[in-house]
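These notes concern the structure reproduced below.
Order of the sequence lines fixes the chain letters, A, B, ..., with proteins taken first and strands second; residue numbering starts at 1 for each chain. Owing to the predicted nature of the structure, the values given are computational and were not obtained by experimental measurement. Any value given below was found using the heavy atoms of this structure, including those in side chains, with hydrogens, waters and symmetry copies removed.
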Amino acid sequence: MFDKLLEPGRHGLVDGRAGVLVRPVEGLAIATVTAGAKRIAAVADTLESRFGIKPPARPACRERDGVSLVGTGPGRWLVLASGQESAGFEAGLCCALDGLGAVTDQSDALLVLELAGPDVGRTLAKGVTLDLHASVFPTGSAAVTVVNHIGVTLWQTDDAPTYRLAVPRSYAGSFMDWLAGSAAEFGLETLS
Amino acid sequence: MTYSIFSVVTNAFAGQKLWRPAWRDATPKPAYDVVIVGGGGHGLATAYYLAKVHGIRNVAVVEKGWIGSGNAGRNTTIIRSNYLLPGNIPFYEWSMKLWEGLEQELNYNAMVSQRSVLNLYHSDAQRDAYARRGNAMRLHGVDAELIDREQVRSMLPFLDFDNARFPIKGGLLQKRGGTARHDAVVWGYARAADRLGVDIVQNCEVTGFLRDGDRITGVETTQGPIRAAKVGISVAGSSSRVAALAGLRLPIESHVLQAFVSEGIKPLIPGVVTFGAGHFYISQSDKGGLVFGGDIDGYNSYAQRGNLAVVEDVCEGGMALMPAIGRMRILRSWGGIVDMSMDGSPIIDRSPLDGLYLNAGWCYGGFKATPAAGWCFAHTIARDEPHEFSAAYRLDRFVTGHLIDEKGVGAQPNLH
Amino acid sequence: MSGELANPAGVLARRGVEQRSGKGTAAVRRLATGGLVDRTRPLEFEFDGRRYTGLAGDTLASALLANDVRLVGRSFKYHRPRGIFSAGCDEPNALVELRTGARTEPNTRATTVELYDRLTASSQNRWPSLDFDVLSVNRFAAPLLGAGFYYKTFMWPASFWEKVYEPLIRRAAGLGRASGQSDPDAYEKSHAFCDLLVIGAGPAGLMAALTAARAGARVILADEGFRMGGSLLSDNPVIGDRPGSDWAAQAIAELKSFPDVTLMARTTVFGVYDGGTYGAVERVADHLPSPPPFLPRQRLWHIVAKRTVLAAGATERPIVFGGNDRPGVMLAGAVRTYANRYAVAAGADVAVFANNDSAWRAARDLVRAGVAVRTMIDVRDTVDPALLAPLKDAGVRILLGSRVVGTSGKRLHGIEVLTGGHRSSIAADTLAVSGGWSPNVNLTCHLGNRPAWNEDIAAFVPDKLPPGMAVAGAANGRFGLADCFAGGASAAVAALEELGIAATAPALLRAEDEPYRIGAFWHVAESRGPAFVDQQNDVTVKDIGIAHREGFRAVEHLKRYTTLGMATDQGKTSNMIGLAIMAELTGKGIPQTGTTIFRAPYTPVTIGAFAGHHRGKEFRPTRLTPTQGWAERQGAVFIETGAWLRAQYYPKPGESDWQETVNREVRTVRSGVGFCDVSTLGKIDIQGPDAGILLDRVYINTWSTLGVGKARYGVMLREDGMVMDDGTTSRLGPCHFIMTTTTANAAKVYQHLEFCLQVLWPELDVQLASVSEQWAQLSVAGPKARETLARIVDPGFDLSNEAFPFMSAAGLTVIGGVQARLFRISFSGELAYEIAVPAGQGERLAEALMTAGAEFGITPYGTEALGVMRIEKGHAAGSELNGLTTAQDLGLGRMMSKKKDFIGRMMSQRPGLTDPKRPALVGLRPVDRSARLRAGAHFIPVGADAIAANDQGHMTSTAYSPSLGHSIGLGLLSCGPSRIGERVRAVDPVRGADTEVEICNPVFIDPQGDKLRV
Amino acid sequence: MRIPCPYCGSRDVQEFSYLGDANLRRPDHEAPEAAFHDYVYLRDNPAGPHRELWYHGSGCRNWLVVTRNTVTHDIAGARFAKEPT
């Protein structure tokens, strides 16, 4: 779907190296896991034993062996697993949790983008109303927020910095328009 | 001194030295037949019609600051009667008729200017909703026209017809709608009421009510107690606070509504235009400023100021509708505290307490209602019964379920 | 109207250019040395069609003065000739139309425009030309046109106001012209965060920023000018042994070396908002002929600051006297700035008129710079000898205890001075006036605070401050340079300390700290000729007298009655004087009189900047359905429905119009099979042991009893008893439901459910997730729906009516292993299913259905056909679910359970909601079958007058029914259901229609619903 | 205006939607109609501190009880609505 949204290649300013690089992260199985107030701990334990990651109790992202747990609310996580088949992944989670918490497949609901480059911060600042300074939003931080009137989930994966954004599928086109416009002054390179 | 060509010319030769105060700055007498709390447009109009129509001249208007310091001087000056529901149309149409004769009535030029009000529609459903509204207006004898895209284009060629996210498909036009000079309305009513003997008392804040059991017998003020056979509250934005002094809880929340004016430019926008796919409406004042606004900030507030989010939302609507105003500059922004009622419609009624009367809940529509609100509130106070045009604005409608909900959003004040 | 006014002037302007063959004239008033302009970079520009040359570093105003252009505009009311008055954003007079065509910027202050090559500007509010302006006759009417004039006249005859007077007034009013063309430039928004925001890069601001930067804090330093330094550039002080401008340059260089310091020049912090949020506008490309590729013209900044130091400086105010608006009368500080910073002599023969010490230093600087200063006039009888000396030495004539009472010349050539009863005329082409300095307290007041009166400097100073703000330097009423440095440093240290950041003030700099003494003096009572307080709005001392006489004495009444301070300069140089004069008249003190409220923006900000890129198609994001690409390939026509773009209909070659296409789509569904993307419906995943209880409480009907694998139609009310939303919800497991909502209410219903679970009944164990984005949901409808589906469901799933009857729901796989959900529900009234697959499979499913249904002539259909079929079936939708209807009104009253509580139950029983006379849902068909019905028409009894008293309801939805061959409608009609068979009129005056209609059952097709169950 | 969400931290007001007075309690279904009328329609609407419901719809989707001064807009604090006071 990504290539339909934005021509692969260079956009905006063409001379010099691109200030912002964007690439789609494909082949992800994605699910939300939600726990009732009384069972947050139990669900967290189950997730930890399954993925070997302690689910963050705050807006943060923890990653291991291609599986990421992103805290999106109290007792609510976004689970992303690369190279897994979505229905199977959801089913597996369901049985592991065995009714402790709710599992909902979102593999097709979200377009996950990876953003990097020297000007990624200045570009995101045009839409993100959060302080992304390293002292406030270091690697591993996550946030559910809104960009250009579009609800997104955002987390930082390394100190480059590199960010990942999960964008609702129906809004993906408008989001890419915003990104292309906001990064144009720095030059945007789309990779695949 | 009556304003006339004669008096204006005489003063020109007399170096403008013959003018006298437009109204007396009165100090309160111990007692009145009626005390109106609130020296805004509504309160002063009420006092004027009490004296003029009902012959009740022993009236005081008490104002905590300077007259017109509330919403009367903080609105976008639009007058119209393009309402949908039967409870509203006759009232606002009566107001429109009073506007049409206001200058002569008051001998004061309030610059009532019927330059038309156009509500744009952007979908077939919206067109049908406006048709329903326009038809309701016509059945009430109010002027309304449903115009198409090309008619809109001929009126306002600079709108975005080619690249709009929500295409302009037409509009509901009320040619008799328009604007008036808000401060002049206040001063005109004050001057006219004063000439009929009404006392206008500024810097006089009501701090409590005098009562005899469940009967209100006057007000406590910062200038001392003032007794009155009847007390009318007309304090938009502060209605809950003043009513609370009498122990009443109202179906009202106070919210802040921001408005904006640009630097003055030569005439660009002929009438009033409202955007149907965003929160934006605009007109151009006689001084050349673009006067515009949008939605309320949306949270309870008594601070006469708002936040950036709404400023941006309004300007986004403005640029989506008329990208020609991009280089115009906002000169001033301000906020008014509006009574958002639970069904979006006002209250003109007796209160549960004898001798206490209520004119409140005007949301952001109070200015256009000024003459009729004064007229009907005066009637309610003088006759102890609702006027036919404000018969629907009863306080008990929330109990009985006879709501007047133009937007159909229910008991959610910040959505009206 | 503007065109009529403009063109003649434009023609003259163009002719002007041709005559002067583009040759730049010499800048006769440019001083030979000094200044901060780049003499190696001359810039050509054009004013009123004439070419001139300026230098890089000039403003348009300094370049005009350098070329001895004194007359630059006309005033608002009397069209009096006006010149350059100030050197900053406080300018009341020198407003020009900058640029041309779609980029025209009216009312632009020449004093803040950074000169660029080939800049074009023209004067405003004059016709035919600036020199000869017809409307300047207004000044002869001045005796008539006093304050309040308009309110007292233009009333006779009544009808003349709109027709005659107002159009004339409107045309005369306003200053510049809008192009009326779409703004060609881009705007954008951005967000910034910092420990310390420093507003203003003068001595106090630079020192505050340095202090914070050296302490390692995150700092933003914003300044409205294009060169940072503030008074260090204009007052030319000596710091240590170097010019102040050198020190500023060095400080800025040091600040640039810190990674967490952001310097924002050309950036005005215009407003203070809640939570430490500041609004600022960065003029990214206003100093260029046009914005470079990919760059916006301006950028709106949201700056969230933990602490703020306001170092916005002070504004000089004049003394008001007769003829004080003549071109050549300027603020003393401005004349000083033009000499020191721009190396421009404002005139060849300068006189100074003041009541305070700063003007004496201005005069001293002018003498030093080689500007001819002949006369120094001060209202005070004595001044500090230290001030006298340098001027005496320079041979300046000094008149103490004196005042200027009048002026002469179109452009100033002489002044009349009153000294101890004697009037004398003095030649001067420039009069530098200073009435003292007013701290720029504006931003301290945006959250509702008022400033405090300070007698010593005769000015209002900051009092209560917004949370987190400190004030330093001239903005705080401290005018000495050393004071500014010290104040900036200590404000920063204190602010950072509150944040737990240790900072130390830099070593104090050696700077002349000149005392500032003032003898408060506002206007010259003995004036000859009109004395202007607000020059742009032509408000005179006399007008303030009129306001006082007529009782408009409250400072806000004064402002509104006389328009004092309401011009584009917001009265920066006039408000103080106006209220001082009113205080004089009322006998109240200035502090008792008080100021008007300071509001955002500090200086005017473009509407474009506030809108950013949210215009045109980008006004709001567009949501696309999972089959968008496929539908495009099918040649579908799309329509905006709320946030969504949806396929409206799918025209085939040869079809003449949309109606023909829609008819074909409907007929195909009713006779064969069709499908439609209904993914826009809200889909909410509801899980947990108490899910059934939740549904029982939010829906009016009962849910806990619904069997697994079953679907049910539900209606939910608002707490006030009106219908909120409806939809079909299915039970996928004992603790698992999937709810569908209408497209419009998807977000609202989700929020409502979270409200119920988190606020009303937190004890319920239910988890929600929106899956609207996850599933592509297609409705497959028509007699051939089952046969079509049979070809795409994977083997093993039994579609038979027995195994999968009406209102069934199941999970399965389709088209070879694609996970899917199947619901046997129908909106069209046909045998129908809704099938959901992961959104990424939506287009594959659409293609599979096309193949599977090919032999039945399957067609995709859009929102139009969907709407026609729902009306044929009498289903309520948006125009019936309008927030004003009850379940009863919609014929759904019987669904309301008596056995349980649910949201809205109690309030729905109020008499106003149960009144049998309420309009209720019926069907309508035209008596004359060829007539077309229109939604929005009102119902009037046959034979009755079309007046409100006879209004019985309205038509909510209409369509042409290809199945019935005529127009049909749904409506809300008083006592409707009991009037089936009666006739009423559908009256539609706004579209000139009046159609007799027959009241019928709202279900036009298959009222028994047999087709659903086959 | 920024609202301190207990989960997300300080966020711009645009991420939230406002409902109103947080002191209101939905009456028991046996309660008289008058109780529902007061609940649905009557408000204290104070000038000063106000406990109010905000929904963090563009964030963690939690309903919050925010204590905010309606005169100064100062925010004293925020907590999850589902947590008992």
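- Within residues 53-70 of chain D, the residues having any heavy atom less than 4.5 Å from a heavy atom of chain B are, in residue-number order, D/W54, D/R68, D/T70.
- If you measure heavy-atom distances from B/L403 to chain D, the contacts under 4.5 Å come from the side chain alone.
- Atom-to-atom distance recorded for D/Q14:CD and B/D313:CG is 8.5 Å, nearest 0.5 angstrom.
- A search for ring pair (Phe, Tyr, Trp, His ring centres under 6.0 Å) contacts involving D/F80 returns nothing, not counting sequence neighbours.
- B/N414 places a side-chain N or O within donor-acceptor distance of the main-chain N or O of D/Y18, the cut-off being under 3.5 Å.
- Rounding to the nearest 0.5 Å places CG of B/L250 at 12.0 Å from CZ of D/R43.
- Within 6.0 Å of CZ on B/R350 lie no more than 12 heavy atoms contributed by other residues, nucleotides or ligands.
- At a 4.5 Å heavy-atom cutoff, the contact between B/N307 and chain D is made by side-chain atoms alone.
- D/S17 does not touch chain B: none of its heavy atoms, backbone or side chain, sits under 4.5 Å away.
- Summarising the geometry of D/L42 relative to B/R249, their closest heavy-atom pair is O-NH2, 3.5 Å, with the distance given to 0.1 Å.
- The two residues D/L19 and B/E253 make their nearest non-hydrogen contact at O-OE2, 4.5 Å.
- Note that the CD1 atom of B/I252 and the CG atom of D/D44 stand 13.0 Å from one another [nearest 0.5 Å].
- D/N45 contributes atom CG, which lies 3.5 Å from atom OH of B/Y302 (distance to the nearest 0.5 angstrom).
- By the ring pair (Phe, Tyr, Trp, His ring centres under 6.0 Å) test, B/Y357 pairs with no residue at all, sequence neighbours left out.
- Taken from OG in B/S254 to NE2 in D/H50, the straight-line distance is 10.0 Å, to the nearest 0.5 Å.
- Judged as a ring-ring contact (aromatic ring centres under 6.0 Å, His included), the pairs with a partner in residues 397-416 of chain B (not counting sequence neighbours) are, in order, B/F398-D/Y41.
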